[in-house]
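To start, the structure under review is shown below, and the notes come after it.
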Protein chains: 2
Amino acid sequence: MPTKRVPRASATTEVTYRSIIRLFGLIRHIMEPFFSQFGITGSQWGVLQVLLRAEEEGLTRLRLTDLGDRLLVQPPSITGVIDRMERLGLVARSASDTDLRSKVVSLTPAGRELALRVRKGHAARTQAILAGLSPKEQEHLHQLLDQLGSHLEATLEPKDGPVAPRVGTAPSSARSEV
Amino acid sequence: MPTKRVPRASATTEVTYRSIIRLFGLIRHIMEPFFSQFGITGSQWGVLQVLLRAEEEGLTRLRLTDLGDRLLVQPPSITGVIDRMERLGLVARSASDTDLRSKVVSLTPAGRELALRVRKGHAARTQAILAGLSPKEQEHLHQLLDQLGSHLEATLEPKDGPVAPRVGTAPSSARSEV
DNA sequence: TACCTTTAGTTAGCATACTAATGAATCGCC
DNA sequence: GGCGATTCATTAGTATGCTAACTAAAGGTA
């Protein structure tokens, strides 16, 4: 009889999975040295990037929790990163005026200036990284990755009821760093 | 006037790049809990996996440095991971009999047993993760990622001379964990 | 043989990441 | 209005990862 389709584990799946992991490792090895040129780490860039974008949307201050949500990172991690960035003079932590429990973070002038400077070089780096693919291939890759990402988010949050509303501005997305 | 094609930075590149970072974050969020079911971490799985594969190629012991090369991790990191795994009874560290400087690591029976057990569940997990794509799409994704990976490796190691030999068994690849 | 350079592994110190537990403050529902 | 449940941030403790510096052992060459 002809071999059935649907084998025990599809060798393709295994190698595809490994290629994802491998690619990420390579990207990190390229980006970390870039960030250290500016005296920051990938995580700190993540914070700068989120705060800069928030400002451009009219939000000059974000709660620590919101920052964590946007970076897909737990509260204790945010506390530490912000501690160090405050020490570096890149961000300022202040009390919320509506909720005594929470604190808000905002860019200092120095932080904003650095964020803009890093952003420029960052764009050039991502260009260089993706230069291995043609624009058309990049688009196709993006489509496949997004499809996979949506699948995984669905897997991760089979949250409340059959129909999950989910209105927040931050689509639980991205780990902006790197 | 009509907006020019070829904008300053190709929006596609930016979103594609972000989709890579995001996907990796999602995968980590899915895999880490899986490993902790077995009482290990992703890095420890990386070590088990490399040692298991080495055994299957006839190598029952690897030097710490070789382990680091295969995992794309620096020596001090390996020292720490192996310390903890030794304490867990998963691997054994012993002296090399050809070089007094180096030490070799091998799986203990318990480590081998665990590695095999994790490997099974791991395959199932990767299947579930990639189930968001059809086999054909997976293949296409794999092709694109490999192409990008080769591009990055070329970027990272413009090593010696115009023509770099590079014969080693481990193609500088993968960060086997996760 | 003697000395200088390179290699293997470890230690020290820093930056992240996580979970669990704490203390404050706010919400929500009776 | 009030009290239990939830939320926000932090602390404590563990696991990685890295760079820099150090020890010990090999190698290579004068």
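Here is the naming used below: chain letters follow the sequence lines, and residue numbers restart at 1 for every chain. Reckoned from all heavy atoms, side chains included, excluding hydrogens, waters and symmetry mates.
Shown here are the salt bridge (Lys or Arg N to Asp or Glu O under 4.0 Å) partners of A:Glu32, two or more places apart in sequence or in another chain: there are none. By the salt bridge (Lys or Arg N to Asp or Glu O under 4.0 Å) test, A:Arg125 is found to be paired with no residue, residues two or more places apart in sequence or in another chain being considered. Scored by the side chain to side chain contact (heavy atoms under 4.5 Å, CB included) test, A:Ser96 finds A:Thr98, A:Asp99, A:Ser102, A:Val104 as partners (sequence neighbours excluded). Under the salt bridge (Lys or Arg N to Asp or Glu O under 4.0 Å) criterion, A:Arg84 pairs with no residue at all, not counting sequence neighbours. Residues forming a side chain to side chain contact (heavy atoms under 4.5 Å, CB included) with A:Glu139 (at least two apart in sequence, or on another chain): B:Thr12.
Close to C:dT16, at under 4.0 Å from its OP1 or OP2, lies a side-chain N or O of A:Gln44.
As rounded to whole Å, 19 Å separates atom P of D:dT23 from atom CG of B:Leu100. If you take CZ of B:Arg87 and P of D:dT16, they are 10 Å apart, rounded to a whole angstrom. For A:Leu71 and C:dA17, the CG to C1' distance is 13 Å, given to the nearest whole Å.
Residue contacts for A:Ser43: at a heavy-atom cut-off of 4.0 Å it reaches the sugar-phosphate backbone alone, with no base atom in range.
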Across nucleotides 8-14 of chain D, 5' to 3', mark each nucleotide with B, S or - according to how protein heavy atoms within less than 4.0 Å reach it. SSBB---
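Using the six-membered ring where Trp is involved, B:His122 and A:Tyr17 have ring planes that are perpendicular, over 60° apart on the 30 and 60° scheme.
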